[in-house]
Amino acid sequence: MGRAGRPKEENPRDQKITIRLTKEEREELMAYTDKHDQTITQVVSDALSLLYEKDGNQ
């Protein structure tokens with residue numbers, strides 16, 4: 001019998017980074033995630049996409 005569980009993702013998000021924020025920056029980020037019903041990962045990913053698009057690297 002095969003393994004049960006979730007199928008493997010084609011491009012899994014398994015890489016992690018750590019950043020340092022001021023208390024105010026963290027509060028602003030958390031307020032943004034709440035307001036837009038997004039995770040921190042989604043917000044950072046969207047922000048990176050915008051930066052890459054602006055820079056012409058996408």
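Numbers here simply count residues along the sequence, with the first being 1.
- Counting heavy-atom neighbours within 6.0 Å of D37 CG, excluding the residue itself, gives a total of 12 or less.
- Every residue two or more places apart in sequence or in another chain that forms a side-chain contact (heavy atoms from CB on, under 4.5 Å) with V44 is listed here: I40, L48.
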Taking only distance into account, with no hydrogens and no angle test, what donor-acceptor pairs under 3.5 Å do side-chain atoms of residues 14-21 form with protein atoms, sequence neighbours excluded?
none

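- Residues V43 and H36 form no side-chain contact, since every pair of their non-hydrogen atoms from C-beta on lies 4.5 Å or further apart.
- Within a 6.0 Å radius of CD in Q42, more than 12 heavy atoms belonging to other residues, nucleotides or ligands are found.
- Taking Q38 as the reference, D46 meet the side-chain hydrogen bond (donor to acceptor under 3.5 Å, both in side chains) condition, with sequence neighbours excluded.
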